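Ligands are counted one by one from 1 in listed order, and the atoms in each one are counted from 1 as well. The model shown is predicted, which means the values in this text are computed figures rather than measured ones. Start at 1 with the first residue, then count along the sequence.
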Amino acid sequence: MVIGVLAMQGAYEEHINILQDLDVSPVEIRNKNDLQNIDGIIIPGGESTTMGKLIRTLDIYDDLKEKIESGMPVWGTCAGMILLAKSICNDDTVHLGTMDIEVKRNAYGRQLGSFNTKSNVKGIGEDIEMVFIRAPYIENVDDNVEVLSVVDNNIVAAKENNMLVTSFHPELTSDYRVHKYFLKMVEENNKGS
Ligand code: GLN
């Protein structure tokens, strides 16, 4: 199983390290050729505006969107979730726009910019470690989106078919359960194809 990690900017090395710990071969995605042989992709946290611009400038946008739309598993953490959202309620930009969610950027404001908590994620486990850094949350979901976790009345994890998103950063913790869950999504998709 080959997992790509979008490696333009942000917290991609942490994902790579965890994938290696889990005996998976990660590929750093920096141009569209890197997308060719992957079975799934992680879009990391970072700065969504910058990442959104870079995937266009580096000509990754079309191929990546096409792969996601044809069912390749993708997991967006934090800024990665913003990149996948069909709409951003406090920003006019739409990046990949493949997932039927509306997100709010920097949703926790300045005072609560960064915080840690533990909460349950449906299908993944209880007391998952959650690190939020200037995080978005999901304001609205369409019917086809499954809400996986709600913290303080805000949706912080969701899934729609091949797309998984988390507001928080599991790659900054030693709790690998979300990574393992994503790898299972990829494995099942490989079996089906
Ligand atoms: N605040 C960032 C954005 O809006 C996301 C933060 C993160 O990925 N940790 O793009």
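- Remark: of the listed residues Ile41, Leu6, Val27, Ile41 is the sole one forming a side-chain contact (heavy atoms from CB on, under 4.5 Å) with Leu35.
- For the residue pair Thr173/Glu129, the side-chain donor-acceptor check at 3.5 Å is not satisfied.
- Applying the salt bridge (Lys or Arg N to Asp or Glu O under 4.0 Å) definition to pairs two or more places apart or across chains, none involves residues 14-25.
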TODO: Please test Phe132 against Tyr137 for ring-ring contact (aromatic ring centres under 6.0 Å, His included), starting from the C-alpha separation and ending with a verdict.
DONE: CA-CA 10 Å; Phe132 293 84; Tyr137 57 64; 9.4 Å; no
Filter the ligand 1-protein atom pairs down to N or O on both sides and distance under 3.5 Å, then list them.
residue  : atom   : partner : partner atom : Å
ligand 1 : 1 (N)  : Asn106  : OD1          : 2.6
ligand 1 : 1 (N)  : Arg134  : O            : 2.9
ligand 1 : 4 (O)  : Arg105  : NE           : 2.7
ligand 1 : 4 (O)  : Arg105  : NH2          : 3.0
ligand 1 : 8 (O)  : Gly46   : N            : 2.9
ligand 1 : 8 (O)  : Gly46   : O            : 3.1
ligand 1 : 8 (O)  : Ala79   : N            : 3.0
ligand 1 : 9 (N)  : Ile133  : O            : 3.0
ligand 1 : 9 (N)  : His169  : NE2          : 2.9
ligand 1 : 10 (O) : Ser48   : N            : 2.7
ligand 1 : 10 (O) : Ser48   : OG           : 2.7

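- Among residues two or more places apart in sequence or in another chain, the ring-ring contact (aromatic ring centres under 6.0 Å, His included) test is passed with Tyr12 by none.
- Residues satisfying the side-chain hydrogen bond (donor to acceptor under 3.5 Å, both in side chains) test with Asp91, not counting sequence neighbours, are Thr93, Arg105.
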